[in-house]
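Input: a single structure, listed below in structure tokens.
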Amino acid sequence: MTMFEESPEELGGERERAGQRTHLSAAGLRARGWTPAMVRQLLGEPDLLRAHPQFRSAPQTRLYRVDRVEAAERGEGFRAAAAAAVRRSAAARASALRRRRKVLDLRRRVYAAIAAACPDLARERVPQLRAPTGPGNSDASTGPGTHDRQIDRRTPRSGPQEPA
């Protein structure tokens with residue numbers, strides 16, 4: 001029995017189909033392409049509320065009958081809402097990538113200006129920048145030692161220090 005399957009006694013007399021789930025949680029709906037707004041619009045109130053299976057102090061788990069979910073998925077409202085959600089997601093992803101490229105371009109131009117004004121400083125302190133590799137916020141997957149920023153690890157000086 002999986003985390004959100006309930007025994008027939010716990011479901012108030014409903015019989016569980018052999019080896020199949022009778023209810024889906026919000027996480028199960030998300031895995032099938034549902035957004036929270038789609039759940040509110042098309043399914044409304046949950047069919048069953050149960051205590052969270054791992055954290056008793058967490059809000060109750062909302063469960064929706066599988067047959068009701070499948071009926072909603074066959075409807076025209078679901079198809080329209082799912083298509084709109086896909087369009088919004090693609091637009092948000094493209095916008096984030098545009099913003100990221102704009103910031104990286106600005107940073108590249110600032111570093112180029114520093115390198116032109118102070119070649120010695122640029123050679124020592126300013127790392128070479130890479131072009132963005134694609135969507136995402138991190139270039140950490142490119143391997144160790146290839147970060148955009150370098151950490152200056154100097155040994156501390158002993159004795160009295162002059163104010164900067």
Value rounded to 0.5 Å, distance of CZ in Arg40 from OG1 in Thr35: 7.5 Å
Value rounded to 0.5 Å, distance of CG in Leu49 from CG in Leu63: 7.5 Å
Considering all heavy atoms, the nearest Pro53-Thr61 contact: CD-OG1, 3.7 Å
Minimum heavy-atom distance His23-Val66, with the two atoms named: N-CG2, 3.7 Å
Check: Arg79 and Glu76 side chains under 4.5 Å, non-hydrogen atoms: yes
Shortest non-hydrogen separation from Trp34 to Ala72 and the atoms involved: CH2-CB, 3.7 Å
Student check: side-chain heavy atoms of Val39 and Arg62 closer than 4.5 Å: no
Inter-residue atom distance Arg50.CZ - Gln60.CD, 0.5 Å rounding: 9.0 Å
Euclidean distance, Leu29 CG relative to Glu73 CD, rounded to 0.5 Å: 8.0 Å
Non-hydrogen atoms of Arg65 and Asp47 that approach each other most closely: N-OD2, 2.7 Å
Closest non-hydrogen atom pair, Val69 against Tyr64: CG2-CB, 3.9 Å
Electrostatic pair Arg109:Asp105 at N-O distance under 4.0 angstrom: yes
Interatomic spacing from NZ in Lys102 to CZ in Arg107 - rounded to 0.5 Å: 16.0 Å
From CG (Leu24) to CG (Leu48), nearest 0.5 Å: 12.0 Å
Arg68 side chain to Leu43 backbone, donor-acceptor under 3.5 Å: yes
Which atom of Met38 lies closest to which atom of Ala81, heavy atoms considered: CG-CB, 3.7 Å
